[in-house]
Amino acid sequence: MSPRKPNMESSIYFGADGWWHGRVTMGVKSDGGPDRRHRRAKTETEIKRKVRELERQRDQGRAPTAGRKPTVEQWMETYLTDIASLKLKPRSLDDYWSKTRNDIVPGVGKHRIDKLQPEHLEQMYRALLDAGHAPSHVVKVHRILSRALKIAHRRRIVGENVATLVDPPSVDETEANPFTKEEAKAFLEAAAKRPTSMRWIVGIGMGFRQGETLGLRWPYVDLDAELFRPEWQLQRLTWRHGCDDPRACGSRLHRFEPCPPDCTTHRNYKRGCPKPCPKTCAKHASACPQRKEGGLTFTRPKTKKSRNAVPIPPVFIPFLRDHKAQQEEMRAAAEELWEEHHVVFSRPDGRPLDPRQDYEEFKELLAEAGIDDRRLYDGSRHTAGTILNELGVDMPTIMEILRHTQISQTRRYVKGRSHLSKDAMRRMGEFFVPAPPDPDPGPTETITETADTRAARARRRIR
């Protein structure tokens, strides 16, 4: 009988080097050759355990692919360039790249992806928290890395997604701080003195996001049917290189050494001096002569639900018609300098409003109205949802107006008011313990007027 083993059967032997060796046939490589995996151990028992583990992974279809595994840095670049870019919105993709460059790569980028351990991630998260990052920032980093490792596990590059074995930091949900009715009126009174007053009426009165408000365009506004259709949003995106060699393109802007302690070049930067460029820096795309996909750009909203039509309050219609007439006058005054973008809220030359200037104007209006500082989101969507609830509108209707996909999300936007809670508990108390009856006021004098006339009384006397 031939000593040759059957196909797919593993072999175990003791080598001349003093180690036990095991070889397992896993299948076929991408080039058509046999995929034979090697394991070694000091004892026969240990090598048999390793061989059985490989065979189990092969039989269950969970065996990682052959070849040297990439590092975390290499895999993240592959994931963001070739996989995530096909699904994510541009703004989200920019955020993924930023957290990968600034947090994931410096933290665990040199580890091979199949050698990554939960302890490595926990140490990185601890370092980020010690550096002053908020827990919510660390959770976002965890989710990005976990998603990338999930794709690697699905493609059998790694045997397990180690991010699922790590608990990220707990995050306290940010408390909403919407305007009260009085604050909303005071804010709009301050905004009425500015040319952009209609922008704030729509933003606060209808609960639009900033990008949706600035991205409203006249072709999607039906004043006769009283409908807004937020089909577009305005966002500022990061520029991308359009040249073949991004590193050489930005060579004059590369800065590999940190700034001195008394740096005056970046003294007006709100976040301090920027970090030095990495040795393989391919940024500075804003200076590329062939730059693309950046600046103020009209993009589609994130979900299909966000593009649902929203009814316009009838009282807003006359103001919107006046606003449109004023915009026509600006177009006539600008003449050839006018840039047509069909936006509802524009600058004097027709260009859309800048989100940064819009945010600064919001802060100025807060100061003018005497309202304490708060987020722009609190002054728009949270305020609209809360006031609608105070007016007695039910949650499903508020969900449709704010265009949420889940009612649980709407509940996070609606903040209860203390006076409503007090009134509700007062009525609850009166239900269980009725109020005492009013005291008896005693006898009262009743004056009854007769309807008889003098002639009727005379006839009765005669009878």
Side-chain angles (χ1 to χ4, degrees), residues 69-153 157-158 160-174 235-241 246-247 250 253-259 266 269-286 294 302:
K69 303 301 183 286
T71 62
V72 174
E73 179 179 3
Q74 293 169 340
W75 174 245
M76 290 302 301
E77 183 173 356
T78 301
Y79 167 70
L80 294 177
T81 304
D82 300 331
I83 303 172
S85 60
L86 301 178
K87 185 176 181 179
L88 293 178
K89 294 291 184 180
R91 192 74 173 269
S92 299
L93 185 61
D94 288 344
D95 186 51
Y96 274 45
W97 273 111
S98 174
K99 289 180 172 53
T100 298
R101 285 193 301 262
N102 298 326
D103 302 317
I104 297 177
V105 171
V108 294
K110 301 303 180 183
H111 289 285
R112 260 178 47 186
I113 193 170
D114 59 328
K115 301 295 184 182
L116 193 64
Q117 298 296 322
E119 294 77 15
H120 300 148
L121 303 187
E122 291 166 347
Q123 292 170 6
M124 179 179 69
Y125 299 160
R126 181 71 265 165
L128 290 174
L129 293 173
D130 293 342
H133 291 288
S136 58
H137 177 92
V138 180
V139 170
K140 289 181 181 179
V141 172
H142 172 78
R143 289 174 180 170
I144 293 170
L145 183 57
S146 179
R147 178 62 183 173
L149 294 176
K150 180 180 179 180
I151 299 297
H153 180 234
I157 298 174
V158 294
E160 187 176 23
N161 179 3
V162 297
T164 60
L165 307 178
V166 179
D167 292 329
S170 300
V171 178
D172 294 332
E173 188 174 343
T174 303
Q235 290 184 324
R236 184 181 295 279
L237 303 181
T238 304
W239 288 104
R240 304 186 188 282
H241 281 279
R247 176 173 168 76
L253 299 175
H254 290 324
R255 186 177 53 83
F256 300 109
E257 299 297 330
C259 292
H266 309 107
Y269 279 41
K270 294 182 179 180
R271 299 184 180 181
C273 296
K275 295 180 180 179
C277 299
K279 298 300 181 181
T280 58
C281 179
K283 296 190 293 184
H284 314 297
S286 59
K302 189 173 182 179

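Note that this is a predicted model, so its numbers are computed, not measured. We use all heavy atoms of the structure for the numbers below, so side chains are in, but hydrogens, waters and symmetry mates are not.
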Over all atoms of both residues, closest heavy-atom pair of [X] and [Y]:
X: Val105; Y: Arg101; result: CB-O, 4.3 Å
X: Leu121; Y: Ala163; result: CD1-CA, 3.8 Å
X: Leu253; Y: Cys277; result: O-SG, 4.5 Å

Gap between atom [atom2] of [Y] and atom [atom1] of [X] - 0.5 Å precision:
X: Thr71; Y: Met76; atom1: OG1; atom2: CE; answer: 11.0 Å
X: Lys69; Y: Ile113; atom1: NZ; atom2: CD1; answer: 10.0 Å
X: Glu73; Y: Thr78; atom1: CD; atom2: OG1; answer: 10.5 Å
X: Asn102; Y: His133; atom1: CG; atom2: NE2; answer: 8.0 Å
X: Trp75; Y: Ile83; atom1: CH2; atom2: CD1; answer: 4.0 Å
X: Ser92; Y: Lys87; atom1: OG; atom2: NZ; answer: 11.5 Å

query = Which pairs, with at least one residue in residues 161-171 and sequence neighbours excluded, count as a side-chain hydrogen bond (donor to acceptor under 3.5 Å, both in side chains)?
reply = none

May I ask you to test the [X]-[Y] pair for a side-chain heavy-atom distance under 4.5 Å?
X: Cys259; Y: His266; result: yes
X: Gln117; Y: His120; result: yes
X: Pro169; Y: Leu129; result: yes

query = Would you say Arg255's side chain and Pro274's backbone share a donor-acceptor pair under 3.5 angstrom?
reply = yes

ask   = If only atom types and distance count, is the side chain of Asp94 paired as donor or acceptor with the main-chain N or O of Thr238 below 3.5 Å?
value = yes

query = Any Lys/Arg nitrogen of Asp95 or Lys99 sitting under 4.0 Å from an Asp/Glu carboxylate oxygen of the other?
reply = yes

task = Go through the structure and list residues passing ring-ring contact (aromatic ring centres under 6.0 Å, His included) with His254, not counting sequence neighbours.
result = Phe256, His284

key: Full working for side chain to side chain contact (heavy atoms under 4.5 Å, CB included) between Leu116 and Val158   = CA-CA 10 Å; Leu116 193 64; Val158 294; over 6 Å; no

May I have the list of side-chain donor-acceptor pairs in residues 136-145 shorter than 3.5 Å, sequence neighbours left out?
{"unit_1": "His137", "atom_1": "NE2", "unit_2": "Asp103", "atom_2": "OD2", "d": "2.8"}
{"unit_1": "His142", "atom_1": "ND1", "unit_2": "Tyr125", "atom_2": "OH", "d": "2.7"}

